[in-house]
Amino acid sequence: MRSVEEQLKVIRRGVVQICEEGELREKLARGKRLRVKLGVDPTAADLHLGFTVVLRKLRQFQELGHQAVLIIGTYTAQVGDPSGRDKSRPQLAEETVMANAEKYLAQAGKVLDLSRVEVRYNGEWFKGMKFMDVIKLLAKSTVARMLEREDFSGRVSAGVPIYLHEIVYPLMQGYDSVVVGADVELGGSDQTFNLMMGRDLQRDAGQEPQVCITMPLLEGLDGVRKMSKSFGNYVGINEAPKEMFGKIMSVSDEMMWKYYELVTDVALEEIEEMREGVTEGGLHPMEVKKRLAGEIVRMYHGEGAAREAREEFERVFSAREVPSEMREVRVVPDGEGRIDVVGLLVKNGLASSNGEARRLIGQGAVELGGERVKELRVVAPREGEVVLRAGKRRFLRVIIERGGTT
RNA sequence: GGGGAGGUGGCAGAGUGGUCAAUUGCACCAGACUGUAAAUCUGGCGCCUCACGGCUACGGAGGUUCGAACCCUCCCCUCCCCA
């Protein structure tokens, strides 16, 4: 096992806060394998990059020889974590949660070494609790303490309801720590309160309190709000390579550094060098961003896919050519040899309504075979293939067939 | 239980009888430019229609009115104060 200082160097990368670092140092110095807990609620079936920030930290602990304890919050997911939310989370049905949990775990395996992870489902201990047990748990905290939280107090002043079950959530998460005897718990910075609750409950139970390590929340593609499925600003780790690559290219130049630090293994020193290179003008931000996109795609899809995704991106966006693959449809022109572009766009999902399709044409966003479409119906070549393009990203290969005997 | 405030487009938030498919901001889409699906600028942004126009929509259900997001009744939901 590496020295305490070496371990700390790895652990510190990208963290917001270690509470308390002194305690962590002590625990490490004892040389024992630490039990490092991460709780996840399988509220959705897909993992995204934002979530890998904290998963990767867990992975780093694994690599340092510690025991990763992954809590799948089958029970807490049914309550709904109020953290950082400006409204209540929907409560999920047990079947949904269990189905999600399975998919979740499979995806977490892309980051963690699952063979060395202790996986626990918190339904295991919550399911059998008696009401009186719940009451006893509730008696461990106070309303005032809960209202210290900014998300709760914010909701109070904004007039958004807070339901009582949401108040219980932090206690549940804290109780998980007691059950598994966590030495360290990881979480996003919005989890700080919940993590601290673990410390309180552990102390109350006569355990040594866990060290809480919080990670920054990764902003999504909009660069403003945290990455989240519900904001639609996420990059799923199961997404197709070229989709993933393109999405990462839409991260703003300023934000990409944070992505480098939090979701890649590129050394901090190297990131700093690149940043200086860009500031001084010798290094092109687009190149740096392409590398970022490549690094990330490689992690989840491999080297080959990363290269292809990059080539595809350069072809479509830099060279403005058409993608290598796209959907194909066959159309037969009408009696006058024209095709209905609007209908084609809508039927194939390139536009969501006829109105939008017309608008796109009006805005000059639609091309057929490289020619800008100006009419709603257009004279088509007699036969053969042409590419229909709507905007920068939507393509369709159209195979014109010879009109019948009409 | 009593009193007060409020529920508007993906979100925030105007509008309080016709001039409202509904100001504005964000998000989103497109164009221009470019160095990228960055940034910036410009335009667009319910559905049907080439268009004229029509239809559906302002928590839900009724009602008043020539006409309602706006007025009335009931219902549902939320917040605040008091008990």
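Proteins get letters first, then strands, A, B, ... in listed order; numbering begins at 1 in each.
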Exercise for the section: Just call it for A:Arg358: base, sugar-phosphate, or nothing, with non-hydrogen atoms closer than 4.0 Å on any strand. Expected result: base
Exercise for the section: Under 4.0 Å between any heavy atoms, over every strand shown, what does A:Arg359 touch: base, sugar-phosphate, or nothing? Just pick one. Expected result: sugar-phosphate
So which nucleotide from [options] ends up closest to the side chain of [X]?
X        : options             : result
A:Lys247 : B:U49, B:A37, B:A38 : B:A37
A:His284 : B:C50, B:G35, B:G43 : B:G35
A:Arg372 : B:C29, B:G31, B:U78 : B:G31
A:Tyr163 : B:U78, B:A37, B:C29 : B:U78
A:Pro285 : B:C45, B:G31, B:G35 : B:G35
A:Ser353 : B:A37, B:G44, B:C47 : B:C47
A:Met286 : B:A37, B:G31, B:G35 : B:G35

Problem - For A:Tyr104, all residues meeting ring pair (Phe, Tyr, Trp, His ring centres under 6.0 Å), sequence neighbours excluded - result: A:Phe51
Exercise for the section: Report the relative orientation of the aromatic rings in A:Phe126 and A:Tyr75; use parallel for angles under 30°, tilted for 30 to 60°, perpendicular for over 60°. Expected result: parallel
Practice task
Could you tell me how the ring of A:Phe313 sits relative to the ring of A:Phe317: parallel (under 30°), tilted (30 to 60°) or perpendicular (over 60°)?
Solution key: tilted
Handout entry: Members of residues 250-258 of chain A that approach RNA chain B, where some heavy atom sits under 4.0 Å away
Key = A:Ser250, A:Val251, A:Ser252, A:Asp253
Practice task
Indicate, yes or no, whether a donor-acceptor pair under 3.5 Å links the base of B:G44 to the side chain of A:Gln363.
Solution key: no
Problem - Greater than 12 external heavy atoms within 6.0 Å of A:Glu375's CD - result: no
